[in-house]
Number of protein chains: 2
Amino acid sequence: MGIIERIDAPTNKVAPHKKTGRTIKTGTAKPAENTAKLPLNSILKMDCIEAMASLPDASIDMVFADPPYNLQLGGDLYRPEGGQVDAVDDAWDQFDSFAAYDAFTKAWLSEARRILKPNGSLWVIGSYHNIFRVGASLQDIGYWILNDIIWRKANPMPNFKGTRFTNAHETLIWAAKSEKAKYTFNYRAMKNLNDELQMRSDWVMPICGGQERLKRDGVKAHPTQKPEALLYRIMLATTNPGDIVLDPFFGTGTTGAVAKRLGRHWIGCEKEDVYCEVAEERIEAALPLDESSLKTMQSPKSKPRVAFGTLVETGYLKAGTEICSKNRKFKAKVRADGSLLWEGKEGSIHKIGATVQDAPSCNGWTYWYYHDGKELKPIDDLRQTYLLATEP
Amino acid sequence: MGIIERIDAPTNKVAPHKKTGRTIKTGTAKPAENTAKLPLNSILKMDCIEAMASLPDASIDMVFADPPYNLQLGGDLYRPEGGQVDAVDDAWDQFDSFAAYDAFTKAWLSEARRILKPNGSLWVIGSYHNIFRVGASLQDIGYWILNDIIWRKANPMPNFKGTRFTNAHETLIWAAKSEKAKYTFNYRAMKNLNDELQMRSDWVMPICGGQERLKRDGVKAHPTQKPEALLYRIMLATTNPGDIVLDPFFGTGTTGAVAKRLGRHWIGCEKEDVYCEVAEERIEAALPLDESSLKTMQSPKSKPRVAFGTLVETGYLKAGTEICSKNRKFKAKVRADGSLLWEGKEGSIHKIGATVQDAPSCNGWTYWYYHDGKELKPIDDLRQTYLLATEP
DNA sequence: CTCGGCATTGAATCCCCAG
DNA sequence: TCTGGGGATTCAATGCCGA
């Protein structure tokens, strides 16, 4: 951990953290030259827009953001044009306030989009106060929404006055950099987490409390600390080990702690001294998982491909064998080159499978069966056997 | 039912429905003079903006709107077994751009706000395709958001291609006409429905199917018919008997049917002839539901289900831990995604449990044990601990 | 009659590499 | 950039049919 990137602008102050020795950066920064020089696994101690501006284009795999919900953006209000104003002597009507929030939102979303790799993705969390503005803004900017995810709180705070429904959830948006992007989604890992059912868009998780909730002098260190389980699922789902995750509103560093545990690199942006210190200590204490624990089940599409012909070549299935559909209605003959022959027609296991069913497509691996002496088995079993025998 | 309001503009065509005799209005309309002359319990057969323009200011208690979602689907989508998904490709869901959709949205939201009484409220339902734009637009216009409500679908359509999280919910926004409004919220009724617990912002309900799903010549009459249970809860929560509920996108009239059953007045706007006819017949046939069936419909007792992966995510059992069979004969390693690793084989706790025993199946919860410092305990104990900690 | 198996279906932004 | 083709991919509820 701790690639250190000095920043040459005269206004910079580079202050190694007293305990960890990791560098926290402050002040204005110039764009880095390339991905190799990214300030990995460290906190950029400045405004997130400024911090992201110091990073090169297309260098980040995933951005997770938990932006402020209100319009008091760390003490500074933002005008639509981007200039800061004095909050005290200016009475803002509602529309101006929304416009200011939108301007701020689009500013950081745009920087985040610039530094994302083409196939990178963005996560944002919010409540009804801000999430609609964030969602509309990111669509306007060109992000492509992939899912909205509901974090259903297992133990929310009740609505004490009884004037509304108990606000028992928060909303996350998962978006790709563009419509055409080939984003990362570890489908099999998610299905595995969910007892062999597809992971849904509603996630039940407890709020952050107990031992996990960071305290400072007996009071909570951050008002909206997110549970590690949330970041765990997000990173497991949409990043790979070794990826770079950036969090523009780092707070007490949940993103960094989980990234370290899961073998991902992280970069945090955070203005507040106190949060930076708490985050540094916390991440320092986090334990990374070993490589074998980190491995997740892979979808077949990311496994090495085995051609049907290979099974014929290697004798797992002999040329001349007759294979059939599950109900034995259709029978086809395996030829030496791995093609099938059915009623004079020839083609791949998939093509002939589709042809006999008069279907637009077909997975021949699961459609066709062979007879192993006792019973019918899908030819996919042979492929699995082959894979087990040939893989280390 | 059936206060009929003639509209005098010369272009109007007033066509009594052949079965019910209730009037369906078409063409351009002039503003009515006052609330007493509202076209209660009838369908205004025209564009909703035009229809609402014909109604007086501050005359409606609640608006429920299910606007087009602007889905922007790609090509055809096939199911794994070969069938084709019946997509929503209707013309009314097509918009040229976000800007066009926003303009449309603000137009109908503005008219709706004008006709709402000062203490009236608005409900809108949508998905991630449109709800962020709708939410931001209504905030811009001056509505005040009270809650966002998540309809968690008990039986959503799966993600067939395994490319994203299953889209298992839709979002509703409940908003008052203005920040200062004294909106209606029947707190006790909601608490009653929810077994003496405050009603939360996430509602579990099945999608509309079975007998409730309206058919026309054997095919669904409307592609996006909403379940009556949803409208029941909404009206019960935020209107009083005798109130006037308007639905700008009436479709097959779920809003009207539920309003009738709950003793509320309704007004629907709908352009399509077919939908109007289906809605008229349906509402005519609607009968009040007795309270017991209402309550059972609203309180689906769902068993808490905890996936093994949840325990890993939340840290109850850390990735990398070794778990074993009761006699310690077999040891397997827990991985980050909740899968087990044993002698190069990977799978769920149940599958690997079956594999090591060479059994057809296995209950992994009782088969595998973890070491808690002193002794071996079944991993099912951890599940119980988790449930105790998170269930209210 | 019931029970089990099989087919159908629901607001869906639903593949990806090689040539 | 476009095309062709290998091959990966589903959950819960309802309703029908045959045993």
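Worth saying up front: this structure is predicted, and the values here are computed from it rather than measured. A, B, ... follow the sequence lines: proteins, then strands. Residue 1 opens every chain.
- A straight line from NE2 of B:His222 to P of C:dG10 spans 13 Å, rounded to a whole angstrom.
- Across all strands shown, D:dG6 forms a Watson-Crick or G-U wobble pair, both distances under 3.5 Å, with C:dC15.
- As rounded to whole Å, 12 Å separates atom C1' of C:dT8 from atom NZ of B:Lys220.
- Comparing the P positions of C:dT9 and D:dT9 gives a spacing of 25 Å, expressed to the nearest Å.
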Checklist line | Nucleotide-resolved protein contact map, nucleotides 12-19 of chain C, B/S/- at heavy-atom distance under 4.0 Å | finding: BBBS-S--
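- Using a 4.0 Å heavy-atom criterion, one finds that B:Gly209 contacts no nucleic acid atom at all.
- Summarising the geometry, the separation between CD on B:Gln211 and P on C:dT9 is reported as 16 Å, rounded to the nearest angstrom.
- Atom CH2 of A:Trp368 sits about 9.5 Å away from atom CD of A:Glu322, to the nearest 0.5 Å.
- C:dC3 is paired with D:dG18 under the Watson-Crick or G-U wobble criterion, all donor-acceptor distances under 3.5 Å.
- Residue pairs that meet the ring pair (Phe, Tyr, Trp, His ring centres under 6.0 Å) test with at least one member in residues 172-201 of chain A, sequence neighbours left out, are A:Trp123-A:Trp174, A:Trp174-A:Tyr183, A:Trp174-A:Phe185, A:Trp174-B:Phe165, A:Phe185-B:Phe165.
- Distance B:Arg213 CZ to C:dT8 P: 18 Å, rounded to the nearest Å.
- Taking a 4.0 Å limit (strictly below) on heavy-atom distances, residues 346-361 of chain A reaches DNA chain D at A:Ser348, A:His350, A:Ser361.
- Here the straight-line distance linking atom OG1 of B:Thr166 with atom NZ of A:Lys191 works out to 9.5 Å at 0.5 Å rounding.
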Pairs under 3.5 Å (N/O, protein and nucleotides 3-5 of chain C):
none

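- For D:dT9, the base adopts the anti conformation, since its glycosidic angle falls more than 90 degrees from zero.
- Using modelled atom types, one finds a donor on one side chain and an acceptor on the other under 3.5 Å when comparing A:His169 with B:Ser201.
- Chain B approaches DNA chain D over the interval D:dA8 to D:dG15, counting the first and last nucleotide 5' to 3' with an atom under 4.0 Å from its heavy atoms.
- Nucleic acid contact for B:Asp89: none, since no nucleic acid atom lies under 4.0 Å from a heavy atom of the residue.
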Note to self: Evaluate B:Gln84 against B:Arg79 for side chain to side chain donor-acceptor pair (under 3.5 Å), listing each step before the verdict.
What the structure shows: CA-CA 6 Å; B:Gln84 190 176 344; B:Arg79 301 161 184 272; over 6 Å; no
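- To the nearest whole angstrom, the two C1' atoms, one in C:dA11 and one in D:dG15, are 23 Å apart.
- Using a 4.0 Å heavy-atom distance criterion, A:Lys191 is classed as a sugar-phosphate-only contact.
- Rounded to the nearest Å, the gap between the C1' atom of D:dA12 and that of C:dT13 is 23 Å.
- Here, D:dT10 and C:dC16 have their P atoms 15 Å apart, quoted to the whole Å.
- Between the CE atom in B:Met157 and the CG atom in B:Leu77 there is a gap of 7.0 Å [rounded to 0.5 Å].
- B:Asp337 and A:Asn192 share a side-chain donor-acceptor pair at under 3.5 Å.
- With hydrogens and angles left out, the side-chain atoms of B:Thr254 and B:Arg282 include a donor and acceptor closer than 3.5 Å.
- Residue B:Cys208 is out of contact with every strand shown, counting any heavy-atom pair closer than 4.0 Å.
- Rounded to whole Å, atom C1' of C:dA11 lies 17 Å from atom CE of B:Met205.
- Atom CG of residue A:Leu116 and atom CG of residue A:Asp61 lie 8.5 Å apart, to the nearest 0.5 angstrom.
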Next item on the list: Step by step, work out the ring pair (Phe, Tyr, Trp, His ring centres under 6.0 Å) result for B:Tyr275 and B:Phe250.
Entry: CA-CA 8 Å; B:Tyr275 297 159; B:Phe250 203 57; over 10 Å; no
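- Scanning both residues, B:Thr163 and B:Asn159, for their nearest heavy atoms gives N-OD1, 3.0 Å.
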Next item on the list: Test side-chain contact (heavy atoms from CB on, under 4.5 Å) on B:Thr310 and A:Leu193 and set out the steps.
Entry: CA-CA 7 Å; B:Thr310 302; A:Leu193 270 187; over 6 Å; no
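- Checked by atom type, the side-chain pair A:Tyr128/B:Asn147 shows no donor-acceptor distance below 3.5 Å.
- Only the P atoms considered, D:dC16 is 15 Å distant from C:dC1, to the nearest whole Å.
- Contacts of A:Arg188 with the nucleic acid, taken as non-hydrogen atoms under 4.0 Å apart, are absent.
- Only the C1' atoms considered, C:dA12 is 24 Å distant from D:dG6, to the nearest whole Å.
- Separation of atoms CH2 (A:Trp365) and CG (A:Asn363) is listed at 9.0 Å; rounding is to 0.5 Å.
- In this structure B:His129 satisfies the side chain to side chain donor-acceptor pair (under 3.5 Å) test together with B:Ser127, sequence neighbours excluded.
- No contact: B:Tyr78 has no heavy atom under 4.0 Å from any strand.
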